[in-house]
Visitor: 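Would you mind keeping the following structure in view while I ask a few things?
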Amino acid sequence: MKSLAELQAIKERTLKNMSARNDSEDATRIVVGMATCGIAAGARPVMNAFTEEIARRSLKGVTVSQTGCIGMCQYEPIVEVFVPGQEKVTYVQMSAEKVARVVNDHIVNGNIVTEYTVGAVAK
Amino acid sequence: MYRSHVLVCGGTGCTSSHSNEIIEKLESEIAAKGLQDEIKVIKTGCFGLCALGPIMIVYPEGCFYSEVKVEDVPEIVEEHLLKGRMVTRLLYEETVQEDTVKSLEQTKFYAKQKRIALRNCGVIDPENIDEYIAHDGYQALEKCLNQLSTDEVINIVKDSGLRGRGGGGFPTGLKWSFAAKNAADQKYVVCNADEGDPGAFMDRSILEGDPHCIIEAMAICGYAIGASEGYVYVRAEYPIAVKRLQLAIDQAKEYGLLGKNIFDSGFDFDLHIRLGAGAFVCGEETALMTSIEGNRGEPRPRPPFPAVKGLFGKPTNNNNVETYANIPQIILNGADWFKSMGTEKSTGTKVFALGGKITNTGLVEVPMGTTLREVIEDIGGGIPNGKKFKAAQTGGPSGGCIPAHLMDTAIDFDNLTAIGCMMGSGGLIVMDEDNCMVDIAKFFLDFTVDESCGKCSPCRIGTKRMMEMLEKITEGKATLEDLDKLEELALYIKQNSLCGLGQTAPNPVLATLKFFRHEYEAHVVDKVCPAGVCKGLVRYYIDAEKCIGCGMCARACPADAIARTDYIAPGHKLASFAINPEKCVKCGACMDSCKKIQAIYKK
Ligand SMILES: Cc1cc2nc3c(=O)[nH]c(=O)nc-3n(C[C@H](O)[C@H](O)[C@H](O)COP(=O)(O)O)c2cc1C
Ligand code: SF4
Ligand code: SF4
Ligand code: FES
Ligand code: FES
């Protein structure tokens with residue numbers, strides 16, 4: 001070890017891998033419905049796509065977790081996004097392809113992707 | 001990139017309740033479900049809630065599972081990790097909420113704690129140096145080596161007000177400055193991880209949960225005093241701590257954080273581990289150094305102090321594990337930050353090992369000045385079974401007890417000394433109404449009688465004589481005059497022993513005599529043990545009015561001490577039984593045999 005820069009590099013690299021352990025109150029939470037129907041409908045690739053996208057962009061304060069049956073099985077895979085201080089947003093019939101857009105528009109830029117939400121799809 | 005991290009406690013407490021098997025099972029179940037690339041299992045150090053172990057935390061939800069068994073693992077993997085449904089029955093009760101869980105920090109056990117020395121315990125993987133670095137590890141060392149002069153480092157430590165956590169409470173910065181001042185061709189840094197106080201396990205948990213912080217702190221100390229070599233003296237009964245520390249040293253060497261020319265600063269530092277055989281006296285610093293040198297661990301008179309003539313006759317600085325654990329944080333955050341916690345003369349925090357009659361046995365770290373009441377009632381969860389708090393023993397065999405009426409004492413070095421107690425290393429044993437204080441004093445004295453190294457007679461012979469007097473008292477054979485003699489001898493041993501072991505050995509007796517003299521007097525004058533503990537003084541009786549004459553007790557009695565009388569109580573058909581105190585050996589078997597009728601009692 002020769003310099004602070006080397007130390008910092010290890011720190012950054014490792015922190016990224018440890019980010020799953022931040023359960024702070026003001027984190028944005030992405031919750032994927034992962035009950036039997038969700039998994040059958042392809043929730044797992046969706047969740048993995050979120051994890052990867054967030055790691056790729058080195059987003060801080062964002063966690064991806066899973067939950068059980070949300071209760072609208074026909075709309076699976078379902079993803080709920082909780083931004084602190086805002087209403088929950090529910091995305092339905094998600095796919096790995098749609099993930100990048102949700103992360104970019106909603107998580108990063110704060111614009112809800114209306115056409116993927118329950119409201120739009122259920123009409 | 002893992003979406004979920006599962007932290008399993010690998011501290012000594014949880015390891016003994018099979019956390020290793022849990023980890024193995026977790027890994028095999030995760031692999032069986034094909035989740036090995038999504039979920040990472042990490043073995044951490046002690047979380048502090050050892051009573052609830054084995055402990056598992058699942059992130060990102062922050063789910064806190066307690067008392068997990070190997071058989072529970074498939075359910076956790078299937079339900080939680082695969083399907084995302086928390087296993088509610090295993091959640092720590094207090095954290096269960098409507099649709100999510102409370103984070104650990106919000107539970108009563110953690111909310112009042114302030115974790116500095118324990119900041120990484122249960123948070124990082126102690127066997128992975130990168131995780132320590134990710135939590136700002138080794139930045140303090142870099143700062144010292146490349147940005148601060150040795151005087152500046154010592155001044156920061158001095159200004160922080162940090163005092164030794166090994167028992168004495170000596171100002172750490174001042175100690176460092178002594179060793180720094182003495183010029184020599186070779187100096188040493190020593191870390192005291194002997195932890196001999198029965199019931200204490202703070203130092204073990206730090207070494208197990210965050211070994212790198214000790215390495216970093218010792219290197220900082222080496223730089224400050226001008227030493228290029230260090231020794232950690234750990235007791236051999238701490239195999240997990242030794243293993244992780246060795247691993248950490250190897251990793252640090254590989255990264256060049258130990259060895260030659262660290263951070264290109266020209267500073268060299270190397271670290272060795274020495275195993276202690278577990279004699280209490282080897283925790284005394286002069287005995288400890290004699291032991292490292294390869295000789296029999298006996299104390300020698302001070303002065304000369306280690307700062308002048310320490311290890312191998314060279315100037316040496318010795319600190320306790322917890323003392324060192326504070327150093328990197330003080331360097332990084334500054335003296336003022338550290339001083340903002342605690343009291344004026346006892347800054348920072350203190351780690352306590354809670355044990356005895358308390359709901360949450362475990363490890364807690366609180367700001368100095370927290371009251372005993374807060375520690376016991378809020379963090380410790382109070383006394384189990386609705387019993388009443390009687391006293392808390394601090395400082396183990398060298399300390400004393402804090403009685404119930406002083407429960408609001410703010411715990412710091414000086415307040416405890418003022419009431420005739422001492423901080424000690426941090427063991428905190430809680431006693432309730434069922435504990436006999438004479439018996440407690442006897443327990444600790446028994447320990448010191450065994451551990452006295454025998455080099456000086458006040459300690460070797462004196463503690464033995466004190467023990468005999470206590471035995472007389474608990475057998476109901478002592479007089480009031482004996483109490484005075486006991487006190488006199490105790491004070492004499494304090495003044496005339498060679499080392500701290502003998503000088504503090506009478507403390508438990510003196511403190512209990514001070515606060516619970518009435519209990520001693522009850523033993524001596526009334527020949528009763530109010531708590532019903534001292535076997536020699538209890539007597540068993542059969543209540544003739546309640547006894548139905550079944551004879552179960554007489555059959556259970558191994559001493560043939562129970563016989564039928566000719567008294568038939570009103571409403572009963574058979575004559576009652578009675579105990580002959582001459583024959584009774586006080587085993588209690590009769591009482592157990594009469595659980596249903598409850599006609600037998602002891603007093
Ligand atoms: C009998 C006896 C046992 C001791 N045991 C320990 C021990 O286990 N750990 C410890 O750090 N200090 C122990 N000490 C105190 C050490 O002698 C020494 O004061 C301490 O390690 C200094 O470190 P500090 O200034 O960081 O507290 C013991 C002292 C005596 C007299
Ligand atoms: S006080 Fe006790 S332990 Fe210390 S040197 Fe004397 S005999 Fe040994
Ligand atoms: S205490 Fe034991 S010895 Fe005494 S009467 Fe009961 S059974 Fe017999
Ligand atoms: S050893 Fe696991 S919580 Fe203390
Ligand atoms: S023998 Fe008397 S009540 Fe049991």
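Chain naming here is simple, since letters A, B, ... match the order of the sequence lines and numbering starts at 1 in each.
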Visitor: Looking at A/M47, A/E52, A/E12, which has the largest count of heavy-atom pairs under 4.5 Å with chain B?
Guide: A/M47
Visitor: Taking side chain as everything from C-beta outward and backbone as N, CA, C, O, which of these in A/S65 sits under 4.5 Å from a heavy atom of chain B? Side chain, backbone, both or neither.
Guide: both
Visitor: For chain A, find which of B/L7, B/N128, B/N261 contributes the most heavy-atom pairs closer than 4.5 angstrom.
Guide: B/L7
Visitor: With a 4.5 angstrom heavy-atom cut-off, which part of B/E131 approaches chain A: side chain, backbone, both or neither?
Guide: both
Visitor: By a 4.5 Å heavy-atom criterion (distance strictly below it), what part of B/Y255 contacts chain A: side chain, backbone, both, or neither?
Guide: both
Visitor: Among B/N146, B/L257, B/L145, which residue forms the greatest number of heavy-atom pairs with chain A at distances under 4.5 Å?
Guide: B/L257
Visitor: List the atom of B/A134, the atom of A/T14, and the distance in Å for their closest heavy-atom pair.
Guide: CB-CB, 3.7 Å
Visitor: Return a table of donor-acceptor pairs under 3.5 angstrom between the side chains of residues 4-11 of chain A and protein atoms on other chains or two or more places apart.
Guide:
unit_1	atom_1	unit_2	atom_2	d
A/E6	OE2	A/K2	N	3.1
A/K11	NZ	B/D136	OD1	2.6

Visitor: Nearest 0.5 angstrom please: A/T63 OG1 to B/R3 CZ, how far?
Guide: 12.5 Å
Visitor: Examine whether an atom of B/I124 lies under 4.5 Å from a heavy atom of chain A, and if so say whether it belongs to the side chain, the backbone or both; otherwise answer neither.
Guide: both
Visitor: Are there residues of residues 27-39 of chain B that reach to under 4.5 Å of chain A by heavy atoms, and which ones?
Guide: B/L35, B/E38
Visitor: Using non-hydrogen atoms only, which part of A/R13 is less than 4.5 Å away from chain B: side chain, backbone, both, or neither?
Guide: side chain
Visitor: With a 4.5 angstrom heavy-atom cut-off, which part of B/V123 approaches chain A: side chain, backbone, both or neither?
Guide: backbone
Visitor: For chain A, find which of B/I262, B/L81, B/V58 contributes the most heavy-atom pairs closer than 4.5 angstrom.
Guide: B/L81
Visitor: Check whether B/Q139 gets within reach of chain A through its side chain, its backbone, both or neither, counting any heavy atom under 4.5 Å.
Guide: both
Visitor: Just checking B/K260: does its NZ atom have more than 12 heavy atoms from other residues, nucleotides or ligands closer to it than 6.0 angstrom?
Guide: no
Visitor: At a heavy-atom separation under 4.5 Å, does B/I129 approach chain A through its side chain, its backbone, both, or neither?
Guide: neither
